[in-house]
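Step one of this worksheet: look at the structure below.
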Amino acid sequence: MKTTDVIRKRGVVVAIDGPAGSGKSTLAARLADRLGYPYINTGLMYRALALRSIERGVDPDDAEGLARLAGELRFGLGQGRAPHLEMEGTEPNDALLSPEVEDIVSRVARHPEVREIMRRAQRELGAGGCVMEGRDITTVVFPDADVKLFLSAPASVRAGRRERERGGGEAVAERDALDRRTNPLQPGPGSHVLDTSVLSRDEMFEAALDVVEVALGRGRR
C-alpha cells in the first residue's frame, strides 16, 4: 500500500520539485513565509541521514543499515507563523552542508528501503499543510498536492549557482546522474514548470506566487 493511501492530506500543500541547484530551497522558504505555511526541505532530511551514517559508521551502500537509521531519526516542525523543519528537536545545522555529507547524500538517498521510510515521514509532516520541496515530491510524496511547481535550469546554470552558494558546483552533473537512477527527473502531472535560468529570484517568486494564488482561488491575474 502506498504512503498516500495511508496518510490523508488535511491541509493545503504546495509541492516544489526539480534538480539540484534549480532554486527550490530559496523559493520554497520565501513562499512559506509569505503564505504562513510550514516549510519542509526534504533534502535536509536525507542529509541528516547521511550525517548519521557517517557518525555511526554505516556504509552508503548498506541499504538495510541505512533504513534502520532512517527509522530512528525523529523529524518535526518548529514554532511560529511559518514553522521550519526540526531534527531531533533542534534546527538543522551547518554540518548537514559539509563536503563529507555532500559526497554521499545521493548514494544514501538512492535505496528504495530508505526512500519509503523517508517519504512516509515527509507525508506525515506535511499532511496538515505546508510548502515542501525536494525530489519526487509532486510525483510520489504529494501527488495530490494543491499546487505543483517544477523548477528547471540547464546543468551549467545550476552548477554556477551551487558553486556560489556552497561550493562543489562541479558535482551537479554527477548528482543529476545519481538522482535519475533513483527516480526519473520529470514534472508530476499538473505541474507548473518554471525555467529558473531566465528568471531572477524576485521574478521566480512572483511567478510562483501567482500560480499559487490562482490555484487557491485568490487570483492575482
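- A continuous path of hydrophobic side-chain contacts links Val58 to Leu73 [ILVMFWY only; heavy atoms under 4.5 Å].
- Rounding to the nearest 0.5 Å places CD of Gln186 at 13.5 Å from OG of Ser152.
- Listed by chain and number, the residues in a salt bridge (charged side-chain N to carboxylate O under 4.0 Å, His left out) with Asp59 amount to none (sequence neighbours excluded).
- The CG atom of Leu96 sits 10.5 Å away from the CZ atom of Arg52 when rounded to the nearest 0.5 Å.
- Residues forming a side chain to side chain contact (heavy atoms under 4.5 Å, CB included) with Ala50 (at least two apart in sequence, or on another chain): Val101, Ile104, Val105, Val108.
- Under a 3.5 Å cut-off, the side chain of His192 and the backbone N or O of Val147 do not form any donor-acceptor pair.
- Applying the side chain to side chain contact (heavy atoms under 4.5 Å, CB included) test to Val12 and every residue at least two apart in sequence or in another chain returns Tyr37, Asp146, Leu216.
- Closest of all the heavy-atom pairs between Gly76 and Leu125 is CA-CD2, 3.7 Å.
- Residue Thr42 holds its OG1 atom at 14.0 Å from CZ of Arg123, rounded to the nearest 0.5 Å.
- The salt bridge (charged side-chain N to carboxylate O under 4.0 Å, His left out) test applied to Glu91 returns no partner, not counting sequence neighbours.
- Within the structure, ring pair (Phe, Tyr, Trp, His ring centres under 6.0 Å) pairs that include any residue of residues 48-75 do not occur (at least two apart or interchain).
- Note that the CG atom of Asp210 and the CZ atom of Phe205 stand 11.0 Å from one another [nearest 0.5 Å].
- For Glu100, the side-chain hydrogen bond (donor to acceptor under 3.5 Å, both in side chains) partners are Ser98, not counting sequence neighbours.
- Residues satisfying the side-chain hydrogen bond (donor to acceptor under 3.5 Å, both in side chains) criterion with Asp202, sequence neighbours excluded, are Arg30.
- Rounding to the nearest 0.5 angstrom, the gap separating the CZ atom in Arg56 from the CG atom in Leu51 is 10.5 Å.
- Hydrophobic clustering of Ile, Leu, Val, Met, Phe, Trp and Tyr side chains at less than 4.5 Å, counting indirect connections, unites Ile40 with Leu49.
- For Asp62 and Arg107, the salt-bridge test fails: no basic side-chain N is under 4.0 Å from an acidic carboxylate O.
- A donor-acceptor contact shorter than 3.5 Å links the side chain of Arg115 to the backbone of Ala109.
- The main-chain N or O of Asn41 is never found under 3.5 Å from a side-chain atom of Glu133 such that the two would form a donor-acceptor pair.
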Anything under 3.5 Å between a donor and an acceptor, one on a side chain of residues 79-87, the other on a protein residue two or more places apart or in another chain? List them.
residue, atom, partner, partner atom, Å
Arg81, NH1, Asp33, O, 2.3
Arg81, NH2, Arg34, O, 3.0

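- In terms of modelled atom types and a separation under 3.5 Å, the side chain of Lys24 and the main chain of Thr26 share no donor-acceptor contact.
- Closest approach of Tyr39 and Ala28 over heavy atoms only: CE1-CB, 3.4 Å.
- Atom-to-atom distance recorded for Ile16:CD1 and Leu31:CG is 5.0 Å, nearest 0.5 angstrom.
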Exercise. Would Arg110 and Asp61 satisfy side chain to side chain contact (heavy atoms under 4.5 Å, CB included), going step by step from the backbone distance to the final call?
Worked result: CA-CA 9 Å; Arg110 79 185 190 278; Asp61 296 323; 2.7 Å; yes

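- Both Leu199 and Leu209 sit in one connected hydrophobic cluster of ILVMFWY residues. Membership requires side-chain heavy atoms under 4.5 Å apart, directly or through other members.
- Annotation for Glu113 and Ala67: closest pair CB-CB, 4.1 Å, computed over non-hydrogen atoms.
- Glu124 meets the salt bridge (charged side-chain N to carboxylate O under 4.0 Å, His left out) test with Arg120; sequence neighbours excluded.
- With hydrogens and angles disregarded, no donor-acceptor distance shorter than 3.5 Å links the side chain of Thr196 to the backbone of Leu151.
- Connection of Val114 to Met45 is established within a shared hydrophobic cluster, with ILVMFWY side chains joined at heavy-atom distances below 4.5 Å, either directly or through further cluster members.
- Under a 3.5 Å cut-off, the side chain of Ser191 and the backbone N or O of Gly188 do form a donor-acceptor pair.
- Looking at every heavy atom in both residues, Leu44 comes nearest to Pro92 through CD1-CG, 3.8 Å.
- Here Arg68 pairs with Glu72 under the side chain to side chain contact (heavy atoms under 4.5 Å, CB included) rule; sequence neighbours left out.
- Among residues two or more places apart in sequence or in another chain, the side chain to side chain contact (heavy atoms under 4.5 Å, CB included) test is passed with Ala145 by Val13, Ala15, Phe142, Lys148.
- Note on residues 46-65: no pairs pass ring pair (Phe, Tyr, Trp, His ring centres under 6.0 Å), not counting sequence neighbours.
- Leu66 and Ser53 make their closest contact through CD2-CB, 3.6 Å (heavy atoms, listed as atom of the first residue, atom of the second, distance).
- Remark: the backbone N or O of Ile137 is paired with a side-chain donor or acceptor of Asp17 at under 3.5 angstrom.
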